[in-house]
Chemist: 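This structure is in structure tokens; I'll ask about it shortly.
Proteins get letters first, then strands, A, B, ... in listed order; numbering begins at 1 in each. Any value given below was found using the heavy atoms of this structure, including those in side chains, with hydrogens, waters and symmetry copies removed. Values in this document were obtained by computation on a predicted structure and should not be read as measured data.
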2 protein chains.
Amino acid sequence: MNTLAEENYLKSIYHLSFDAETVSTNQIAALLNTKAASVSDMLKKLADKELVNYAKYQGASLTPAGKKIAVSIIRKHRLWEYFLVEKLNFKWDEVHDMAEEMEHISSTELIDRLDKFMGYPRRDPHGDPIPDSNGNFKNHKLAPVATVKVNASCVISGVSDHSPIFLQYLEKHKLTIGKTINVIDVIEYDNSMIIQTEDNKIHISRDVANNLLII
Amino acid sequence: MNTLAEENYLKSIYHLSFDAETVSTNQIAALLNTKAASVSDMLKKLADKELVNYAKYQGASLTPAGKKIAVSIIRKHRLWEYFLVEKLNFKWDEVHDMAEEMEHISSTELIDRLDKFMGYPRRDPHGDPIPDSNGNFKNHKLAPVATVKVNASCVISGVSDHSPIFLQYLEKHKLTIGKTINVIDVIEYDNSMIIQTEDNKIHISRDVANNLLII
DNA sequence: TAAAAAATTTAGACAAGTCTAAATTTTAAT
DNA sequence: ATTAAAATTTAGACTTGTCTAAATTTTTTA
Ligand SMILES: [Mn+2]
Ligand SMILES: [Mn+2]
Ligand SMILES: [Mn+2]
Ligand SMILES: [Mn+2]
């Protein structure tokens, strides 16, 4: 149906569309580790296939057809990540690259059966919502810990950086999905924070506070 | 490491090597649904990478390195087929094409964990042996039902045609792996056979008798 | 609002993998 | 041992996806 490259472009545009109406060539290039020239070529092709809306120099957005494909890839990615963690006992920092390959297995029957096999999980190991077989899911934006006021409590619900190094850091400090934390203090100088977790009190940098998401 | 195309060529050469020492360009082309010219190009490339032994016009064979890759692809293919049938409840005639995609998921850690998750199965849904994580397995050639003498009994242990149409035919007549059959009669005119299964007596054509394997 | 900077597109090239048609080599048949 | 047929390889072209360098457009800045 669509090539692996096309699927990856659609997925990238979808993820980038979370913040902005329209997505720029350079944003896509940065996310996919390609060059802007390559992105221009691909946007032309995807526009021909009516999977993206694209006007030269004006950025791109997904058409409904393109969005549908993007969501189906994301569904597959997250279900495979869940499988790898829950059934094969991988850690949450180990599964992303494997899922990047597995999300391109084409059969939707396969992914629907996998979904059933696992009991229709709602969220992947990183707290991200899993679209159902119709592509429906709530994708509400979570707030970073950085926005929490002193003395307020909240529950860790996601991450905006999925890199192994960050996930390992969180794991080490037991800052995992579902844990409740309380903000003790914010150091104004560098915006770092002292937080009380269920397990201990720790000092997190501004970067960590920005990439750790809460409800 | 190796491209998808390279992996498919290596796997084809491996399968074809079962019957002959060296494999011809046309045999590979037929199996892969490509043209002989494409095969010549690829054999040159694989010879450069020292994955096949290749002398122009003389056919090809796998080097130890090429064989190792081929076996690892076959291991993945068969483990995924087992997963699809045993965990996701697909039928044996539905899984081959999905496994053709899944066998190219690169992680060996993933496939080793999948193997463990399923309890180290020895054979795939079609009776083919599954190589262990070191690539070791017994691949002894099974005899077709066609070679069984009248009145002899045997156990169905494999198939040499994996097409859905053939597998569905076998399923319909309960000629599945593990079933015992007894040859009642052979019709000399067309080499068809009357066989007694655990369930009923049926008349199978020469083609069926050639593609159904027994121990 | 005109020049400078940044972003984007176009032009031209390349690698992988495939194809058709033509040339070459091997094998089979007289 | 020639010739005919079959198998295989080479030549040249095409597609997808990528890149660098140059040209163009948009956005910033002063
Ligand atoms: Mn991921
Ligand atoms: Mn995830
Ligand atoms: Mn198969
Ligand atoms: Mn099989």
Chemist: OP1 or OP2 of D:dT9 versus the side-chain N and O atoms of B:Tyr54: is any pair under 4.0 Å?
Modeler: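 Looking at the OP1 and OP2 atoms of D:dT9, one of them is under 4.0 Å from a side-chain N or O of B:Tyr54.
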Chemist: What integer distance in Å separates A:Tyr57:OH from C:dT10:P?
Modeler: 6 Å
Chemist: Tell me: CG of B:Leu32 to P of C:dT18, nearest whole Å?
Modeler: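 Between P of C:dT18 and CG of B:Leu32: 8 Å.
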Chemist: In whole angstroms, how far is the C1' atom of D:dT15 from the CD atom of A:Glu6?
Modeler: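 It works out to 12 Å between those atoms.
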Chemist: Using a distance-only test with no angle check, is there a side-chain donor-acceptor pair under 3.5 angstrom linking B:Ser192 and B:Asp190?
Modeler: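 On atom types as modelled, these side chains qualify, holding a pair under 3.5 Å.
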Chemist: I'd like to know whether CD of B:Glu50 has more than 12 heavy-atom contacts from other residues, nucleotides or ligands below 6.0 angstrom.
Modeler: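 At most 12 heavy atoms, drawn from other residues, nucleotides or ligands, come within 6.0 Å of this atom.
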Chemist: Please report the distance, rounded to the nearest Å, between CD in B:Gln58 and C1' in D:dT9.
Modeler: 12 Å
Chemist: Check whether any side-chain nitrogen or oxygen of B:Ser40 sits under 4.0 Å from OP1 or OP2 of D:dT9, and answer yes or no.
Modeler: yes
Chemist: Check every atom of D:dT8, D:dC19, C:dT9 against the side chain of A:Asp41 and return the nucleotide holding the closest atom.
Modeler: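 Among D:dT8, D:dC19, C:dT9, the one nearest the side chain of A:Asp41 is D:dC19.
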Chemist: Rounded at 0.5 Å granularity, tell me how far CD1 in A:Ile74 sits from CG in A:Asp128.
Modeler: 9.5 Å
Chemist: Can you check whether A:Ser38 has a side-chain N or O nearer than 4.0 Å to OP1 or OP2 of D:dC19?
Modeler: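 Yes, within the criterion.
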Chemist: For D:dA7, does OP1 or OP2 lie under 4.0 Å from any side-chain N or O of B:Ser24?
Modeler: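 Result: no.
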Chemist: What's the CG-P distance between A:Leu43 and C:dA7, to the nearest Å?
Modeler: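 About 16 Å, once rounded to whole Å.
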Chemist: Expressed as a whole number of angstroms, how long is the span from A:Tyr9:OH to D:dT18:P?
Modeler: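 One finds 4 Å between P of D:dT18 and OH of A:Tyr9, rounded.
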Chemist: Between A:Ala36 and B:Lys44, which has a closest nucleotide on DNA chain D that is more 5'?
Modeler: B:Lys44
Chemist: Do any pairs count as a salt bridge (Lys or Arg N to Asp or Glu O under 4.0 Å) and have a residue in residues 55-74 of chain A, sequence neighbours left out, and if so which ones?
Modeler: none
Chemist: I'd like to know if the side chain of A:Asp161 pairs up with that of A:Ser163 as donor and acceptor (distance under 3.5 Å, no hydrogens or angles considered).
Modeler: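 A pair is found: one side chain offers a donor N or O, the other an acceptor, under 3.5 Å apart.
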Chemist: Quick one: is D:dT10 close enough that its OP1 or OP2 comes under 4.0 Å of any side-chain N or O from B:Lys56?
Modeler: yes
Chemist: Nearest-Å distance, CE (A:Met42) to P (C:dT8)?
Modeler: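 So the two atoms are 17 Å apart, to the nearest Å.
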Chemist: Between C:dT18, C:dT10, C:dA21, which one does the side chain of B:Ala37 approach most closely?
Modeler: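 Within the option list, the nearest is C:dA21.
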Chemist: Looking only at side-chain N and O atoms, does A:Asn26 come under 4.0 Å of OP1 or OP2 in C:dA6?
Modeler: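 No, outside the criterion.
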Chemist: Whole-Å distance between C:dA16 P and B:Asn2 CG?
Modeler: 13 Å
